[in-house]
Structures are given as C-alpha cells and as structure tokens.
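For reference, the structure discussed in these notes is given below.
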Number of protein chains: 2
Amino acid sequence: MNSATRQKIVDAAMELFWVKGFQSTSISDILSRTQVHSGSLYHFFPGKQDVLVAVLETYRDEIENRLLAYAWAGVDDPIDKIFALLNGYRIGLVSSDFMYGCPIGNLALELHEPDPRVRELLDANFRNWVGAVEQCLVDAGDRIPADTDRKALAEFILTVMEGAIMQARTARDIGVFDRNVEVLRKHLDLLMQRAKVPN
Amino acid sequence: MNSATRQKIVDAAMELFWVKGFQSTSISDILSRTQVHSGSLYHFFPGKQDVLVAVLETYRDEIENRLLAYAWAGVDDPIDKIFALLNGYRIGLVSSDFMYGCPIGNLALELHEPDPRVRELLDANFRNWVGAVEQCLVDAGDRIPADTDRKALAEFILTVMEGAIMQARTARDIGVFDRNVEVLRKHLDLLMQRAKVPN
DNA sequence: TGACCATTTGAACGCTCACTCAAATATTTG
DNA sequence: CAAATATTTGAGTGAGCGTTCAAATGGTCA
C-alpha cells in the first residue's frame, strides 16, 4: 500500500501545496516533479483531494520528526522551546524570501468549503501544535500563575505565529514578525512576573 | 468611468471573493450574480486580477464607512473600541456559520505569488487597520505605559484577530476565538495595571 | 513456466475557465 | 438632428484542468 511512488507523490505535493497552495498546484505539476504518470497517481489516489488528505495526514503524524525535533534541538527550557518553535518559522520565512509560511494556516484560509475530512485534518494539525505548546506551558510549572489557562494560552501562541506570518509575508518584512514575537514575550514576562509576586 | 455596472461587479466580487476566495470564484459566478454579460465586464476590467484590485481598493478606501462606523457605533472609549472591532468579526463568524472571516486575511494567504499591485493593496489594507487600532492606543494615553510601542501593539492586535478567526473557522467553534480575545484582554489589563503602578 | 495481481504507461476525454470580438444599442455631445 | 463615443450583447475560442482507461509491464508464487 505504501509504495515508493505513493510516497514520492505525497512528498512533492507537500512541497507544492506549501509553496503554491492547493488550487494553484495542478496534478500535472505533481506529475512532472515526480516523473510519475497520471495513471500511477490515480492508481494510489481516487482524486486530487485524496492527495491533500494524505499530505495532511503526514503533517499530523510527523509533527515530532519533521517540526519539533528540528526546532527544539538543544533546547530544554519549556519557555525557550516556545520561542525556538516560533524562530523555526522565522527562519523558514527569511531563508525562503517569504515563500514558506505555515502550510496548515495557508490551507486553512485557502479552502473555504473544505471536504469534511480535510477540515478535520486541518483542525487535528492545529490541535497537535497547540498540544505541544500546551505541554511546554505545563512543564513551566509555577513559573506561570496557577490560574492561567494553559490550553488557551497555547492557542493564543498559535494565533500569534499565524498572524505574524501572515503580516510578514504580506509586507515582505520580517520586522512585523519580530515585533509580534516581542509583544508575546512581554506578555509571558508579565505573567511570569506576576507568578513570582502574586498580587 | 464609475458606472453602475462597474460598481455592481465590484460589489458582487467583494462578496464572492470573501465567501469563496479569489480562485474559486469564476468570472461567470460574477456575471450570473450581477446579470452582466462578459463583454461588459471586460469593458471595465482588463482581466480578473483587475477586478480583485478594484475590490481591494474599495476595502482600503471604505474602511471607515463599511467597517469602523459599524463596529464603533455608540462606543467612545478607545480600549472598548478595540474589543468592539474584534466583536464585529465575531458577529460575522457566528451569524454566517463561520463563512465570513477576514476578507483581507483570506486573500493574503490564498495568493502565494500575487501581482505586485495586489500585494501592496493587501499590505495597505493591513496598515489601515493597524493605523485605526494604533490611534485607539494613542487615545488611551497614559492608561498604557509610556514605553509601550503603540504600533507594535496594534499589529499584535491584528495578529490576534487573524489568528483567532483562522482557528475558529477551522474548528467551527467560536470558543477558541473568545479564548484568544480573553488572553489579549488579559495582556492589556496587565499593561494598564502596570501603567497605574509603575514598577 | 504460467497464472495472477499490482503497477505503469500515456493518449484521450469532457468540461470549465478566462478571455475575445464584431455587431447592436444606448448615451453624450456639438 | 447627426455624429461620435460608451456600453451591452452573447456566441465563440483556445488552453488547461482533473480524470479515465485499455493495454503493457513487472513482480510473486504455485
């Protein structure tokens, strides 16, 4: 079931959907990049939507290996991990001249009436990401006030990441990304300050 | 130059691009909704991209009349205005069953290699929005610490709006939107608290 | 070897898309 | 009114899209 051809298709589609979006990527884009013929693609996938489903399943299943392991290499402190993760996206933006944003966020706003499977996979990817950040906040223990909703704050950090990328890509200026991260850092500083001296 | 037909086309395209996105909206979608024939559309616009340009120019020029006047009706306090603006988007989401997000944010992430005119107009729309919120923060005067970067905070508020909408639409759950706004409110509360008792 | 199934090949199909254009009609202007 | 210009009509075009399918090839196992 998981032939090399199938994997080549998913890998190419992952890259193309990221850079060009789903609708702007044609089946023949995928075929020419993979040197696969259309019949082979349709042997493994009923249609284009199913390629997208496979791509989103891969993101969901590989968040540890493809994203977190890379961003968190050599980082132990849970609060540092949060900013290291954001910095991973920053590097992607800068090194690609603002081509590489968040592949999930892109698709989430591009697809207006998505296939239920696609919508659920986008959501699952967001919840995975939020869960990873939430774990960092839990690991931060009493450095953060006890009454702080960790999950809500993790969702907020995803929001900051997505909004910062959106603005930086549109302005083609990393400054707005950095300023967004600085405001987030300020917020966490204020929370941590308040945890030290409860008021 | 500004005939009624041209305006009908822009209005219909504004709605369709909002609900379906740019690429999923066909010229014939616009024609059938407006009862205009293709030759008329191409009499006023060289191509589909130029319809998008006209739409984005309208958003840019009409932010006061179409967005702020509505959201800020009866609201005077500058901090309240910020949350009233966010609440405007909340109402759009809920009342449309998550169809109406942010039209500018949608397009910003849908179009990966936009026409320079389009990219600049998207950016101009963001800067307009940020400018309006920045003015609220300036009007808040010394309720906010003097060393707070008002523009950076306004950009951050745009980020929160965009990220909150993205997650709420994907989850089809307004809860995540509300939690995001609550965290933002917490941040502003902490800032205002710090402005009262400088530390 | 031969039968069976998985995979590959690549031409072809139907459809929708953005867009064109010549002719008809309405409006403006002198 | 007459001429010029602006606008509308709507059939038509070519290109690209996702998808199909019958035939060829490759691998597995009795």
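Between the side chain of Ser38(B) and the base of dT9(D) there is no donor-acceptor pair of N/O atoms closer than 3.5 Å.
Distance Phe17(B) CZ to dA18(C) C1': 12 Å, rounded to the nearest Å. Between the CG atom of Leu31(B) and the P atom of dA11(D) there is a distance of 13 Å, rounded to whole Å. Remark: P of dA18(C) and CD1 of Ile30(B) are 8 Å apart, rounded to the nearest angstrom. Between the CG atom of Leu41(A) and the P atom of dT20(D) there is a distance of 12 Å, given to the nearest Å.
Of the side-chain N and O atoms in His37(A), none sit less than 4.0 angstrom from OP1 or OP2 of dT8(C). Look at His43(A) and you'll find a side-chain N or O under 4.0 angstrom from OP1 or OP2 of dT7(C). Using a 4.0 Å cut-off, no side-chain N or O of Tyr42(A) falls inside it from OP1 or OP2 of dT20(D).
A donor-acceptor pair shorter than 3.5 Å cannot be found between the side chains of Asp189(A) and Gln193(A).
Taking CD1 of Ile91(B) as the reference point, atom OH of Tyr70(B) lies at 4.5 Å (rounded to 0.5 Å).
Of the candidate nucleotides dT7(D), dC19(C), dG10(C), dT7(D) has the atom lying nearest to any side-chain atom of Ser3(B). Of the candidates dG10(C), dT8(C), dT9(D), dT8(C) carries the atom nearest the Phe44(A) side chain, counting heavy atoms from C-beta on. The side chain of Lys48(A) approaches dG18(D) more closely than any other nucleotide in the set dG18(D), dC19(C), dT8(D).
Within a heavy-atom distance below 4.0 Å of DNA chain D, the residues of residues 20-29 of chain A found are Thr25(A), Ser26(A), Ile27(A), Ser28(A).
No donor-acceptor pair closer than 3.5 Å links the side chain of Asn106(B) to the backbone N or O of Gly101(B).
Glu64(B) CD: 12 or fewer foreign heavy atoms inside a 6.0 Å radius. Asp147(B) CG: more than 12 foreign heavy atoms inside a 6.0 Å radius. Heavy-atom contacts from other residues, nucleotides or ligands closer than 6.0 Å to CG of Asp76(A) number 12 or fewer.
Using a 4.0 Å heavy-atom criterion, one finds that Thr5(B) contacts the sugar-phosphate atoms exclusively.
Pairs of residues two or more places apart, or lying in two chains, that qualify as salt bridge (Lys or Arg N to Asp or Glu O under 4.0 Å) and include a residue from residues 13-33 of chain B are Lys20(B)-Asp29(B).
Comparing Pro46(A) and Ser40(B) along DNA chain D, the residue whose closest nucleotide (by nearest heavy atom) sits nearer the 5' end is Ser40(B).
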